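So you know, we letter chains A, B, ... as the sequences are listed, proteins then strands, and number each from 1. Since this is a predicted model, take the numbers as computed values, not measurements. The basis for the numbers below is simple: all heavy atoms, side chains too, and nothing from hydrogens, waters or symmetry mates.
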Amino acid sequence: MWKFLPYVAKNLWRDRTRTFLTVSGAAVAMFVFTVVGAVQEGMASLNRGTQTERTLIVFQANRFCPGTSRLQEDYARTIAKLPGVQEAVPIKVFMNNCRASLDLVVFHGLPPKQLQKIRDLKLSAGDWPSFEKQRDAAVVGQSLANRRRLSAGQRFSIGEVTVTIAGVFTATNAAEESFVYTHLEFLQRTPGISSVGTVTQIEVLLAAGSDPMAMCRTIDEKFRGGPIRTDTRPKGVFQSRAVGDLADLIGFAQYLGYACVVLVLTLVGTTTLMAVQDRVREHAILQTLGFTWQCIFGLVMIESLIVSLTGGAVGIGAALAVLSWNGLAVGSEGVTIAFSTSPMLAFIGMTATSIVGLVAGVLPAWTAARAEIVESLRSL
Amino acid sequence: MPLVEIHGLTKEYEKGDQKIVPLKDVSLAIDKGDFVSLMGASGSGKSTLLNLIAGIDAPTAGTIHVAGTDITKLSRTQLADFRANHVGYIFQLYNLIPVLTAYENIELPLLLLPFSSAERQKRVEIVLEAVGLTDRSDHYPSQLSGGQEQRVGIARAIVADPAIVVADEPTGDLDAETSDQVLDLLQRLNAELGTTFLMVTHDLKAASIARRRLRLEKGVLLEPEPPKIAKAGKGA
Ligand SMILES: Nc1ncnc2c1ncn2[C@@H]1O[C@H](COP(=O)(O)OP(=O)(O)OP(=O)(O)O)[C@@H](O)[C@H]1O
Ligand SMILES: [Mg+2]
């Protein structure tokens, strides 16, 4: 069968305009499919971090946007003393855009020494000592660095905040890579933010074995009478609530992904059927020469598969390239969802296109294979 | 034993309440190495008979033995194998594959048979030489004249050395001179390679190169003259 590959290729080349249009259509659809898949993947990995289950977020009660939550910084010290708490880190959150955005830049200001205790970050450029030494130093995530073309040593501004990049980090959780970590004190003293003594949230890392839900109640109870009441939730719950509407949207986007696959199916199916109809006589000639119907069937299937796989490879490849180059992330209320590209995503995409190529080919291939020879020879 | 043996062959078409019977109880035997021409009015069933012998059409009744096999009993796949191994088909309108060169068109039937690529190359080169188109081997059908296309068609039909070559008005679309060249070629192949030919034609001159001439009239096969050694009997 494979020795007829040049013949199949030549037929595709003969109708190159049609082939090109179909391949482009399939590529565009698979591009969208991959982008949708990437954000789904990012969504799924949001709460997958190793410490998410034993991490709590303490927020001001009845506040949602990080811009409006203000807690006393010394709440962190109080919480740290509670039994079962391993670490309590005061965090000031500042971002360029509180609404849903594709280019969200989120600053987390926290005591520099505590950063490495609660985050699993690896520096791909720069070093930790220079981050800890310099007041306005920051480490930025790899995705953000890609998107904004940032590198160590550079200065970087969003609004009134200007930091010096001391390092670029990669994280196990893709969403982390859209963050900028800087010093708490620096962020608190930035003009326009001016919030000395207050923080946005406190991140609490529990010791192994403590019950997260019970601890949430304990903390909220502790500050019930305090100057500011708190609302404490496990980090996963907190993040899911923050991205709430976005999550619905992303969930819905999977139908867009399915629609893309169906689009490729109809596109490739139509083209292959047209190609077969154009070659009714040619297939009859082949059968007269002694090609079996199975062989004709196979040739049409291969043709369909080539078109589909080429489109898929181009679209998926382009999507992965664009996504990893741009490091896009969507975010809402300070929580980001990264577009995660992975070999798995490419594999799923290519598997989908193979299946689509085969399914799209069946009807045309069957039509071609079962056509009556004499009748087809008479047709023009 | 004849190469082709046909008994009680009938082909009917039903068109509504109308019944068309292009072939009615036809019997025929063709010897190996013979050159048979088949004439008859348009619509008399010549192509139908040819297609049945070539194994691309199925009869309503009767048997067709070719090289010892009753091809009316074969499955669709077996028939395809039968054609690949035993039948060469020359079309009136050449029917070359437009995306393939002359060389590739001729090689195509060999790809279905267990030949090594060296053997394929040797065979294609021999038949290209035989039809006088060695210098045109990498030309596409659209770059060839009608006569040249038909010679490629003939080369494709004989390259696998089939038991029988059927030709449906092979010169029907050619001018007189080209037509003569093609007929010469067929006659030479029959004489030199001993290939058995069955040729449908409307042209008396074309029919005259045959050693045996048949006529179909209203579905019935007639043999107007007793078989004679044609004037072109230079071969076997
Ligand atoms: N699929 C079909 N349905 C109905 N009738 C058919 C069909 N195919 C062929 N026929 C009829 O069978 C008869 C014989 O056709 P055939 O093609 O064998 O004629 P022919 O002798 O080759 O004619 P020509 O010299 O014009 O090529 C014709 O009357 C034709 O109309
Ligand atoms: Mg005819």
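- Looking at A:A9, there are no atoms closer than 4.5 Å to chain B (heavy atoms on both sides), in backbone or side chain.
- Within residues 304-317 of chain A, no residue has any heavy atom under 4.5 Å from a heavy atom of chain B.
- Taking a 6.0 Å sphere around CD of B:E125, one finds it holds more than 12 heavy atoms contributed by other residues, nucleotides or ligands.
- Between B:R76 and A:A371, the shortest heavy-atom contact is NH2-O, 3.0 Å.
- The backbone N or O of B:L111 sits less than 3.5 Å from a side-chain atom of A:K3, completing a donor-acceptor pair.
- Annotation for B:Y13: atom OH counts as buried by contact number, over 12 foreign heavy atoms lying within 6.0 Å.
- Here A:L377 contributes atom CG and B:D57 contributes atom CG; the two are 10.0 Å apart, rounded to the nearest 0.5 Å.
- The side-chain heavy atoms of B:T77 and A:Q294, taken from C-beta on, include a pair separated by under 4.5 Å.
- Chain B is approached within less than 4.5 Å, heavy atom to heavy atom, by A:R281, A:E282, A:I285, A:L286, A:Q287, A:T288 from residues 281-288 of chain A, ordered by number.
- The local environment of NZ in A:K10 is crowded, with over 12 non-hydrogen atoms from other residues, nucleotides or ligands closer than 6.0 Å.
- Here the side chains of A:F4 and B:L112 are in contact, with some heavy-atom distance below 4.5 Å.
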*List the steps, then state whether side chain to side chain contact (heavy atoms under 4.5 Å, CB included) holds for A:R279 with B:V99.*
CA-CA 12 Å; A:R279 294 206 298 271; B:V99 293; over 6 Å; no
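- With a 4.5 angstrom heavy-atom cutoff, B:L93 touches chain A only via side-chain atoms.
- With chain A as the partner, the residue from B:L113, B:V87, B:L108 showing the most heavy-atom pairs under 4.5 Å is B:L108.
- Here the side chains of B:D81 and A:T292 are in contact, with some heavy-atom distance below 4.5 Å.
- For B:T48, there are no side chain to side chain donor-acceptor pair (under 3.5 Å) partners at least two apart in sequence or on another chain.
- Neither the backbone nor the side chain of B:Q78 comes within contact range of chain A, judged by heavy atoms closer than 4.5 Å.
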Which pairs of donor and acceptor atoms, one on a side chain in residues 143-158 of chain B, lie under 3.5 Å apart (sequence neighbours left out)?
unit_1: B:Q143; atom_1: OE1; unit_2: B:Y140; atom_2: N; d: 2.7
unit_1: B:S145; atom_1: OG; unit_2: B:Q148; atom_2: N; d: 3.2
unit_1: B:S145; atom_1: OG; unit_2: B:Q148; atom_2: OE1; d: 3.3
unit_1: B:Q148; atom_1: OE1; unit_2: B:S145; atom_2: N; d: 2.9
unit_1: B:Q150; atom_1: NE2; unit_2: B:F91; atom_2: O; d: 2.8
unit_1: B:Q150; atom_1: NE2; unit_2: B:P170; atom_2: O; d: 2.8
unit_1: B:R151; atom_1: NE; unit_2: B:V131; atom_2: O; d: 3.0
unit_1: B:R151; atom_1: NH2; unit_2: B:V131; atom_2: O; d: 3.3
unit_1: B:R151; atom_1: NH2; unit_2: B:G132; atom_2: O; d: 3.4
unit_1: B:R156; atom_1: NH1; unit_2: B:N95; atom_2: O; d: 3.0
unit_1: B:R156; atom_1: NH2; unit_2: B:Y94; atom_2: O; d: 3.2
unit_1: B:R156; atom_1: NH2; unit_2: B:N95; atom_2: O; d: 3.0

